[in-house]
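First comes the structure, then the notes that go with it.
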Amino acid sequence: MPTTVPALLTDAAGAAFHRGTVERRDLGPHDVAIDIAFAGICHSDIHQAREEWGGAIFPMVPGHEIAGTVSAVGSEVERYAVGDRVGVGCFVDSCRECEYCLAGEEQFCLKGNVGTYNARGYDGEVTYGGYSTAVVVDERYVLRIPDGIELDVAAPLLCAGITTYSPLRHWGAGPGKRVAVVGLGGLGHMAVQLAHAMGAEVTVISRTRSKEEDGRRLGADHYVATSEEGALKALRNTFDLIINTVSADVDIDRLARTLRVGGSLVYVGAPSERQSFAVFSLIGGRRSVAGSNIGGIRETQEMLDFCGEHGIGAVVERIGADDVTAAYDRVVDGGARYRYVIDTATIPA
Ligand code: NAP
Ligand code: ZN
Ligand code: ZN
């Protein structure tokens with residue numbers, strides 16, 4: 001019999017969250033049952049709960065930055081035992097046989113991976129995410145959280161961490177490379193720490209100076225406020241790589257012109273509107289505009305281990321179940337410093 005567990009639900013696009021329950025499936029032989037301790041609030045949760053990306057399934061229980069402890073394991077589980085500290089990120093299944101799954105890049109699964117929430121499993125059942133007290137996930141999609149990272153600080157790594165780690169690695173951030181991070185939010189504050197730890201020279205490009213101290217403390221060497229006249233113009237031919245984490249439209253032309261010849265402007269921010277640019281912003285410097293989507297399971301574990309070794313975690317503010325609806329507005333208004341995490345002990349009625 002499936003288990004009924006407390007959860008925070010939203011019933012329609014933009015509707016307030018309320019307490020309720022969802023069902024978790026019986027433990028299959030390869031499944032791990034997890035007591036969730038914390039779930040991060042990613043801006044992607046907001047895009048989906050407000051149906052800004054279309055096609056949302058309601059009622060919805062968002063949450064794909066999940067950290068907790070293993071409470072039970074199926075008969076054939078090999079990697080995890082009761083008591084292990086684990087995480088779950090943006091997907092909970094994939095086809096396991098396409099070229100990308102075989103290469104450990106399940107984020108590009110050709111069949112389409114199964115999202116942790118707002119999705120249907122291959123069995124047709126709707127998935128419900130981490131704003132809940134427990135979840136059941138196949139062990140292949142479960143990550144191990146290093147001992148040195150507290151669970152609240154670890155939760156945002158499962159999306160914000162891997163989403164920035166993966167493009168930094170792919171585009172070769174490291175010593176001698178100049179990396180800009182646009183937007184100092186949940187993703188941005190992870191990108192700054194990770195790029196700094198990789199040895200790159202890091203610049204924050206934010207709207208205002210209000211986060212300058214934080215940015216420098218997180219590891220930025222330089223800080224630029226786009227609200228200041230001519231700020232980007234002064235940076236022509238500067239960056240090898242720009243990671244754009246902004247959840248809204250940006251001026252691609254102004255950003256691209258700060259790239260060196262051959263540099264790349266990589267979108268991880270996912271605004272729903274079409275983005276446009278002048279071709280001359282690219283061809284004048286053999287520049288690329290690209291995109292990057294979370295990361296595969298293997299690379300997510302690599303990122304977690306990297307964070308463990310370098311003492312990196314998210315900067316979090318713990319909130320309770322009653323605060324989630326208001327926290328969404330604060331994130332959109334730029335008020336988060338830098339990730340809200342829900343203490344799931346506050347969810348049961
Ligand atoms: P967030 O915490 O809200 O951070 C976004 C940052 O963008 C803000 O802190 C702000 O930085 C800047 N910003 C916000 N509105 C802006 C505006 N109107 N104009 C200019 N800058 C603005 O969000 P997040 O959780 O980091 O997520 C960021 C984006 O990445 C979202 O669109 C999310 O859906 C997407 N995402 C994508 C992936 C992927 O796999 N590609 C994974 C996770 C999230 P400043 O105040 O410093 O300017
Ligand atoms: Zn996310
Ligand atoms: Zn696949």
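Heads up: numbering here begins at 1 and tracks the sequence. Note that ligands are numbered from 1 as they come in the structure, with each ligand's atoms numbered from 1 the same way.
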Polar proximity ligand 1 side, Val246 side, N/O cut 3.5 Å exclusive: no
Please list, in number order, the atoms of ligand 1 under 4.0 Å from a heavy atom of Thr163. 38 (C), 39 (C), 40 (O), 41 (N), 42 (C), 43 (C)
Who's the nearest protein heavy-atom neighbour of atom 25 (O) of ligand 1, and how far? Arg339 NH1, 2.6 Å
Looking at the Zn ion (ligand 2), is there an N, O or S atom belonging to Cys42 that lies under 2.8 Å away from it? yes
Please confirm if an N, O or S atom belonging to Cys90, backbone or side chain, lies less than 2.8 Å from the Zn ion (ligand 2). no
Judging by distance only, is a nitrogen or oxygen of Cys159 under 3.5 angstrom from one on ligand 1? no
Backbone or side chain, does any N or O of Ile205 fall under 3.5 Å from an N or O of ligand 1? no
Salt bridge present between Asp249 and Arg274 (N-O < 4.0 angstrom): no
Quiz question: by atom type and distance under 3.5 Å, do the side chains of Ser272 and Glu52 form a donor-acceptor pair? no
State plainly whether the residues Asp31 and Arg25 are in salt-bridge range, i.e. N to O under 4.0 Å. yes
Tell me: protein heavy atom nearest atom 5 (C) of ligand 1, and distance? Thr245 O, 3.8 Å
Does even one non-hydrogen atom of Gly334 get within less than 4.0 Å of ligand 1? no
Atom 47 (O) of ligand 1 sits nearest the protein heavy atom Ser206 OG, 2.5 Å
Counting only nitrogen or oxygen atoms and a 3.5 angstrom limit, does Pro271 reach ligand 1? no
Of the options Asp152, Thr346, Asp343, which is the one that meets Arg318 in a side chain to side chain donor-acceptor pair (under 3.5 Å)? Asp152
Would you mind checking which non-hydrogen protein atom is closest to atom 35 (C) of ligand 1, with the distance to 0.1 Å? Val268 O, 3.5 Å
Atom 18 (N) of ligand 1 [closest protein heavy-atom partner, distance rounded to 0.1 Å]: Ala248 CB, 3.3 Å
Identify the closest protein heavy atom to atom 20 (C) of ligand 1: which residue and atom is it, and at what distance? Arg207 CD, 3.3 Å
Check whether Asp221 reaches the backbone of Val202 with its side chain - one donor and one acceptor, N or O, closer than 3.5 Å. yes
Got a salt bridge between Glu212 and Arg216, using NZ or NE/NH1/NH2 to carboxylate O under 4.0 Å? yes
With a 4.0 Å cut-off on heavy atoms, is Gln107 touching ligand 1? no
Rounded to 10 degrees, the angle SG of Cys101 makes with SG of Cys98 at the Zn ion (ligand 3): 110°
Is the closest heavy atom of Trp53 to ligand 1 under 4.0 Å? yes
Donor-acceptor side-chain pairing of Tyr141 and Asn113 below 3.5 angstrom: no
For Val331, take its heavy atoms, then give the atoms of ligand 1 lying under 4.0 Å from any of them. 3 (O)
With distance as the sole criterion, is a donor-acceptor pair present between the side chains of Arg24 and Ser132 under 3.5 Å? yes
Quick one: does Cys42 get a heavy atom under 4.0 Å from ligand 1? yes
Could you tell me which atoms of ligand 1, counted from 1 in the order shown, lie closer than 4.0 angstrom to a heavy atom of Leu184? 9 (O), 11 (O), 45 (P), 47 (O)
Among non-hydrogen protein atoms, atom 4 (O) of ligand 1 lies closest to Gly185 CA, 3.4 Å
How far is atom 24 (P) of ligand 1 from the closest protein heavy atom, and which atom is that? His43 CB, 3.5 Å
Within the 4.0 Å heavy-atom shell around Gly186, which atoms of ligand 1 are there? 1 (P), 2 (O), 4 (O), 26 (O)
If you measure from each non-hydrogen atom of Ser247 to ligand 1, which part falls under 4.0 Å: side chain, backbone, both or neither? both
Which is closest to atom 33 (C) of ligand 1 by heavy-atom distance: Ser44, Pro167, Gly291? Ser44
Can you check whether Met60's main-chain N or O pairs, donor with acceptor, with Thr10's side chain at less than 3.5 Å? no
Do Asp323 and Tyr340 meet the criterion of a side-chain donor-acceptor pair at a distance under 3.5 Å? no
With a cut-off of 4.0 Å, which atoms of ligand 1 are near a heavy atom of Asn293? 40 (O)
Salt bridge or not for Glu97 and Lys111, using N-O below 4.0 Å? no
Give the cluster check for Leu304 versus Val92: same hydrophobic cluster or not, with ILVMFWY residues linked at side-chain heavy-atom distances below 4.5 Å. yes
Test of understanding: given a 4.0 Å heavy-atom threshold, classify the contact between His47 and ligand 1 as side chain, backbone, both, or neither. side chain
Check this for me: does any side-chain nitrogen of one of Arg140 and Glu106 sit under 4.0 Å from a carboxylate oxygen of the other? no
N/O to N/O below 3.5 Å, does that happen between Ser292 and ligand 1? yes
Please round to the nearest 0.5 Å and tell me the distance separating atom CG of Leu157 and atom CD of Gln193. 8.5 Å
If you take the centroid of each ring, where Trp contributes its six-membered ring, are Tyr328 and Phe17 closer together than 6.0 Å? yes
Sidechain N-carboxylate O distance under 4.0 Å for Arg330, Asp333: no
